[in-house]
Amino acid sequence: MKNNTIKESVSLKNETVSLRFRTTPHVYLAELSDLRTRRSWARPVRESPPLETLWRIALISPDGTSPVYDSLQGQLVSCELSPGNNGGGEIRFSWNVKATPRSPCRVAVRVRCCDNKPQTYWSVTIEPPETWRVLRVDFPLIQNIRLKKNSRILVPSGWGLEHDLVPGFRMEGHYPSWEIVLQMMAFLQEGSGLYIGTHDKNAFLKDFCLEARRGAASFWIRHFPEGGKTDAPVEFPYEVILQPFHGGYYEAAQIYRPFSLETPWGSAGNIANRPDIPEWLKQTCLWLRPDGAPEANRDITKQALDFFDVPTALHWYRWHQIPYDTLYPEYFPPKEGFKESVEEFQQNGTHVMPYINGRLCDPETETWRARNGDRSAARRQDGSCYTEVYGSLVPNNVMCPAEPFWQDTIAGLVNRMIGELGVQGVYIDQIGAAAGVPCYHPDHNHAPGGGAFWHEGYRKTLRMIRDEKPRQVILTTEENAECWLDLFDAHLVVNTPFMGRHVPLFPAVYSERSVLFGSAYYAPNEPSNALPFRLKNAWALLWGSQPGWISPQKIMPPEARREAEFLRILARARKEALAYLLGGRFLGEAEIKGDFRNLEIGASHFGTKCVFDNPPVMGTLWQSQEGKIALLLVNISDNECNGIAGVPKGRLRQAVHFSSIMILNQTELRHENIESPDNQINFKIAPCTVQLFTAL
C-alpha cells in the first residue's frame, strides 16, 4: 500500500477499549479510551512542533557511531487493519528509514486487542541495514497522556511509590533494580488507571521512562536487545501491554499478578510450604544489624536479644578486615574473634548472616590484576568499564554476571564463608538493587548488548551456590527485584525513596511468595526522631516484612527505650500473626476513618529532607492459606485513637464479621471476643499499640 493511499486515521475497538491512530502527517496515538468508564487517556496533540513520535531507535553503524532515528524521520509505507471476528483485531504499521543510501532500516509496529478485553498489546520489529546492529529501542513512545491536577504515576520502586505528576517531573527507572522491581507502572486519576507493563519471562534489561508537563505526560519503555549478527532483525520476545482499569495500586497489581505466577521466579510456590527455605528464617520476627568488630557488638547484641525475646537474626556488616567498599571481593581474613562470635550466637539459637557484595570488583585487588578479573568486567560500547563510587570514595567496577570467572568467584566466596566461618546465611549486596547494564565485551559468555544475560547470569551463580550449600543456610540480597525471587531466601527492602506516597505494591503481587525484611533506611537521628522510626517499622509489620534491621547500639541506649518497646511490640505481633503474614495473601490497606488528624512526620533519606502527612492509625488486610481473614492495626502516635476500619468495596467475595481481637502493648497480650458489622470494625487503640482482628 502506497503512502498516499493510507487513510488519515485507523481504529481498533471492542466492548471495553477504543484505540485510534492518526497517520498523517505522522503516526501517533490520538485516542485511548476506557469505554466502561468513558475516560479518555490520550489528549489531542496541539503542541508546536507536534509530538507525533511512536518509536525511537539507536543503531550501531559499521564505523561504530550510534545514530538515532524516530518515526518522524521514517516514511510510512503501509498501514493495515485486520478486524477481529467479534471485535478487536490488529493494526500493522511499516516504515522505511533512510539510514544508508542503498539499504534502509525497516521498522514494523503491531498493535492488537482481543475480543471484549481491556488489554491492548504492542510490539515492534526492526530490520537494520546491512552490517548495522540495533543498540536500543524506545517503544511505545506515547507523548500525549492526558493529565489533571490530581494525576499520579504508580512506580514499582522498592515497596511502590505514587508520585504527583506536576510539570517538570521526570523519571528513568532501570529494570531489574530497586528502581523498577516489577515490569509495570500505571497512571492513576480519580479512581481510574492506565496500566503499562511488559510481561517478559526472560527479564530483559529495560528502562521505564516518563516526563510530565502542563496537562500531559510522555512515557516510553527503553528496550536493550541482545546483540548478535549485524543486519539481524530485532523482535523482542514479549509485548508491551496498555490497559485501562478501575482502581488504584492494588488493582494494578492484580493485572500483573497472573503473569508473575507463570514466570520462573514466581512459580516456585508458597514460601510457607517450600522445603528449600529454612524454617528458622520463616519464624524470624526481628533483624538486628551488628557492624564491625565482635568486641564492640557482642555484649550489646546479647542485651538486645534478651530484651526483644523473639526469634531474631543478625545481619553483620564490616566483619572483614578490609575497609568497607574497598578491595572487593577479597574479604578474608575476618576480624579477630568473628568466627567465635558466630559460633556463640548460633549455638544459642540466633542466626548470623554476614555481608558481601556480588556485583563490584576493586581494580586494586589481586582478583582484578593477578587473576585477570578485568576480563570479566562489564564493558560499555566504547570498551570502558562501568565504574561506581560510593561512600568509601574508592572506584569499583561492575562485573558481568554471565562470565564464568565471576560466577565462580562469588560462589566460591559464599562456600568459603559457610565452610570456614560456619555462618547460616550470606547477604549478597546489590544483585537485587543495583541496575543491570548492557555489556558489549566481544568475548564474554553472551551476545554483546542487552537481552536476558544479566538475569540469567546471576541465576546460574545462585543455582551453583544453592546446589552446594547446606539447607539451613540462607541467601539474601539487597532489595526485591523480582526476577531472582525463587533463588534468594529473603530480600532486604530499604531503598524506597522518601518522596511521593509509599504504597505496598510489591506485596500486592508477591506476598505469599517472598520473605522480606526491613522497611527503609534510618536517618542518623533515628530512633530518637521517633515518628519516622515508628512509621518505617509499622510499614514492615503491616506489609509483611520482618521488622527491625537496626544496630543494637542504636536501639538499646536508655534514650531509645520507648522506641525499643514499640519495636518489641511489632516483633511480637508478627509472631502472633504469622499464620497470615507467612505465606498469606496480602489484600491491601484497610479504609480507616476516625476522630484524629494526620501526623506531620519529618524525615530524611540520604540527606534529602521530606515531610510525610500520614494518619496515626494504619491497617492492612491479610488472608491465610486456609482462607481466614485478619486485619492488622497499628497506632504510631502518642495518643489514643478511635475510629472505623473497613474492607475496601469489592475486595472480598463475601462479607466478613470480625469476631476476636488480640491487643499487644508494652505490658500485655490480651484476647477478647467482639461483634462487628459487615466488613468493618469499630476500634479504640492506645498509643504505640498493635491490634489484630480475626474473622472466622
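Nothing fancy with the numbering, it's 1 onward along the sequence.
Closest approach of Asn480 to His491, counting heavy atoms only: CA-ND1, 3.6 Å. Closest approach of Lys282 to Ile271, counting heavy atoms only: CE-O, 3.1 Å. In plain terms, the two heavy atoms of Tyr175 and Val181 that are nearest each other are CE1-O, 3.8 Å. For the residue pair Ile661 and Gln691, the shortest heavy atom distance occurs at CD1-OE1, 3.6 Å. When all heavy atoms are compared, the tightest approach of Tyr250 to Phe586 is OH-O, 3.2 Å. In this structure, Trp622 and Leu587 approach most closely via the heavy-atom pair C-CD1, 4.2 Å.
When each of Asp207, Val240, Asp200, Asp138 is paired with His223, the side-chain contact (heavy atoms from CB on, under 4.5 Å) condition holds for Val240 and for no other. Here the rule is ring pair (Phe, Tyr, Trp, His ring centres under 6.0 Å) with His199, and of Tyr121, Phe236, Phe259 only Phe259 fits it. Checking each of Val27, Thr23, Leu81 against Ile91 for a side-chain contact (heavy atoms from CB on, under 4.5 Å) leaves exactly one that passes, namely Leu81. Among the candidates Trp549, Phe533, Phe498, Trp178, the single residue satisfying the ring pair (Phe, Tyr, Trp, His ring centres under 6.0 Å) test with Tyr521 is Trp549. Of the residues Arg213, Glu211, Arg170, the one that meets the side chain to side chain donor-acceptor pair (under 3.5 Å) test with Ser218 is Arg213.
Summarising the geometry, atom SG belonging to Cys285 is positioned 9.0 Å from atom CG belonging to Leu581; distances are rounded to the nearest 0.5 Å. Separation of atoms NE2 (His174) and SG (Cys209) is listed at 8.0 Å; rounding is to 0.5 Å. Rounding to the nearest 0.5 angstrom, the gap separating the NZ atom in Lys117 from the CD atom in Gln243 is 10.5 Å. Going from atom CD1 of Ile221 over to atom CH2 of Trp122 covers 11.0 Å, rounded to the nearest 0.5 Å. The CZ atom of Phe139 sits 12.0 Å away from atom OG1 of Thr198, with the distance rounded to the nearest 0.5 Å. Going from atom CD of Gln143 over to atom OG1 of Thr53 covers 4.5 Å, rounded to the nearest 0.5 Å.
Judged by distance alone, with hydrogens and angles left aside, the side-chain atoms of Ser260 form no donor-acceptor pair with the main-chain N or O of Pro258 at under 3.5 Å. In this structure, Thr120 contributes its side chain and Cys113 its backbone to no donor-acceptor pair below 3.5 Å. In this structure, the side chain of Ser511 engages the main chain of Gly584 through a donor-acceptor pair within 3.5 Å. No donor-acceptor distance shorter than 3.5 angstrom exists from the side chain of Asp489 to the backbone of Thr476, with no hydrogens or angles considered. At distances below 3.5 Å, not a single donor-acceptor pair connects side-chain atoms of Ser9 with backbone N or O atoms of Arg22. Not one N or O on the side chain of Arg501 forms a donor-acceptor pair closer than 3.5 Å with the backbone of Gly160. Between the side chain of Thr496 and the backbone N or O of Trp159 there is at least one donor-acceptor pair closer than 3.5 Å. Listed for the Glu479 side chain is a donor-acceptor partner under 3.5 Å among the backbone atoms of Val494. Remark: the backbone N or O of Ala42 is not paired with any side-chain donor or acceptor of Asn144 at under 3.5 angstrom. Distance alone, capped at 3.5 Å, places no donor-acceptor pair between the Ser545 side chain and the Ser519 backbone.
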Applying side chain to side chain donor-acceptor pair (under 3.5 Å), run through Glu512 and Gln625 and close with a yes or a no.
CA-CA 9 Å; Glu512 81 283 16; Gln625 289 191 77; over 6 Å; no
Could you walk me through whether Glu482 and Tyr510 pass side chain to side chain donor-acceptor pair (under 3.5 Å), step by step?
CA-CA 9 Å; Glu482 64 179 350; Tyr510 283 115; 2.6 Å; yes
Begin with the C-alpha distance, continue with both residues' side-chain angles, and end with the deciding distance and a verdict on side chain to side chain donor-acceptor pair (under 3.5 Å) for Arg39 and Gln189.
CA-CA 10 Å; Arg39 181 178 294 278; Gln189 195 174 94; 2.9 Å; yes
Please report the C-alpha distance between Arg112 and Ser123 in whole Å, then the side-chain angles of each, then the deciding distance to 0.1 Å, and finally whether the side chain to side chain donor-acceptor pair (under 3.5 Å) criterion is met.
CA-CA 9 Å; Arg112 64 185 183 91; Ser123 58; over 6 Å; no
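Aromatic ring orientation, Phe169 versus His163: tilted (interplanar angle from 30° to 60°). Ring pair His502/Trp539 is parallel by interplanar angle, where below 30° counts as parallel and above 60° as perpendicular. Between Tyr256 and Tyr195, the two ring planes are tilted [angle within 30° to 60°]. Between Phe204 and Tyr238, the ring planes lie perpendicular to each other; the angle is over 60°, past the 30° to 60° tilted range.
Side chains of Lys206 and Gln183 form a contact here, defined as non-hydrogen atoms less than 4.5 Å apart. Side-chain contact between Met618 and Glu589: absent, with no pair of heavy atoms (C-beta onward) separated by less than 4.5 Å. In this structure, Pro156 and Phe208 have side chains that are not in contact, with every pair of non-hydrogen atoms separated by 4.5 Å or more. Side-chain contact check for Leu210 versus Leu165: some heavy-atom pair is nearer than 4.5 Å. Using a 4.5 Å cut-off on side-chain heavy atoms (C-beta onward), Ile142 and Ile196 make no contact. Considering only heavy atoms from C-beta on, Ile592 comes within 4.5 Å of Leu633 through its side chain.
Under 4.0 Å is where a charged nitrogen must lie from a carboxylate oxygen, and between Asp486 and Arg513 no such pair does.
A 6.0 Å sphere centred on CZ of Arg257 holds more than 12 heavy atoms belonging to other residues, nucleotides or ligands. Around atom CD of Gln254, more than 12 heavy atoms belonging to other residues, nucleotides or ligands sit under 6.0 Å away. By the 6.0 Å contact criterion, CD on Glu675 is open, its count of non-hydrogen atoms from other residues, nucleotides or ligands being 12 or less.
Between Phe219 and Trp41, the ring centre distance reaches or exceeds 6.0 Å. Ring centroid separation for the pair Phe93 and Phe21 comes in under the 6.0 Å cut-off.
Listed by chain and number, the residues in a salt bridge (Lys or Arg N to Asp or Glu O under 4.0 Å) with Glu90 are Arg92, Arg110 (sequence neighbours excluded).
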